[in-house]
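Keep in mind that what you see is a predicted model, and the values were worked out from it rather than measured.
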Amino acid sequence: MDMLAVLAGVMPDLPTVQIGERVETPYGPAYGPPTSVTAYVEARRRRVLDLDGVEALSETTVYAPTGTECGQGARLTLPGGQATTVIAVRVHHGAGAPTPDHVEIVCQ
């Protein structure tokens, strides 16, 4: 079951976020061309662990369709135009159970 399909039935105007993957260059980090993804954006402050197990403060969580490619450190531009950095990415699937499959993108 695709979580975004479920949400689209309740919230037909889901926003689009832009994801630009972080690329290391000799001059420091840069970001690749952004990819548009329709997602559910939740603005809520909470403490989370990043992929290295370090505690961080998250202001925004984005729920995207399965298959969304996004790595830690990527730049994510929210519908209002503000940019944030990805802290962690978690893939949730029900392994065949009737639960909503999605990618959880935790941002600063």
Inset, instruction - Locate the shortest heavy-atom distance separating G73 from R22; write the atom from each residue and the value. - result: O-CB, 3.4 Å
Inset, instruction - Ignoring hydrogens and angles, state whether a donor on the side chain of Q108 or T84 is under 3.5 Å from an acceptor on the partner side chain. - result: no
Legend entry - Nearest atoms (heavy-atom pairs only) where P65 meets T38: CD-O, 3.4 Å
Inset, instruction - Grab the two heavy atoms, one from A64 and one from A39, that are nearest each other, plus how far apart they are. - result: CA-CB, 4.1 Å
Legend entry - Same cluster (ILVMFWY, side-chain, under 4.5 Å), Y63 and V106: no
Inset, instruction - Could you walk me through whether L49 and V54 pass side-chain contact (heavy atoms from CB on, under 4.5 Å), step by step? - result: CA-CA 5 Å; L49 296 179; V54 177; over 6 Å; no
Inset, instruction - Enumerate the residue pairs fulfilling salt bridge (Lys or Arg N to Asp or Glu O under 4.0 Å) with a member in residues 30-46, sequence neighbours excluded, ordered by first and then second residue. - result: E42-R44, R45-E59, R46-E104
Inset, instruction - Could you tell me the separation between the CG atom of L78 and the SG atom of C107, rounded to the nearest 0.5 Å? - result: 6.5 Å
Inset, instruction - Working to the nearest 0.5 Å, report the span between CG of L76 and CD1 of I87. - result: 11.5 Å
Legend entry - side chain to side chain contact (heavy atoms under 4.5 Å, CB included) partner of P34, chosen from R75, Q18, E21: Q18
Legend entry - Distance in Å, H93 NE2 paired with T66 OG1, rounded so as to fall on 0.5 Å steps: 10.0 Å
Legend entry - V103 vs I105 side-chain heavy atoms within contact, under 4.5 Å: yes
Legend entry - Shortest non-hydrogen contact between V41 and P79, atoms and distance: CG2-CD, 4.3 Å
Inset, instruction - State, with a plain yes or no, whether a side-chain heavy atom of E69 is found less than 4.5 Å away from one of T35. - result: no
Inset, instruction - Rounded to the nearest 0.5 Å, what's the gap from CD1 on I19 to OG1 on T77? Could you check? - result: 9.5 Å
Inset, instruction - Grab the two heavy atoms, one from T25 and one from A30, that are nearest each other, plus how far apart they are. - result: CG2-CB, 3.9 Å
Inset, instruction - Tell me whether V91 is reachable from V62 by hopping between hydrophobic residues (I, L, V, M, F, W, Y) whose side-chain heavy atoms are closer than 4.5 Å. - result: yes
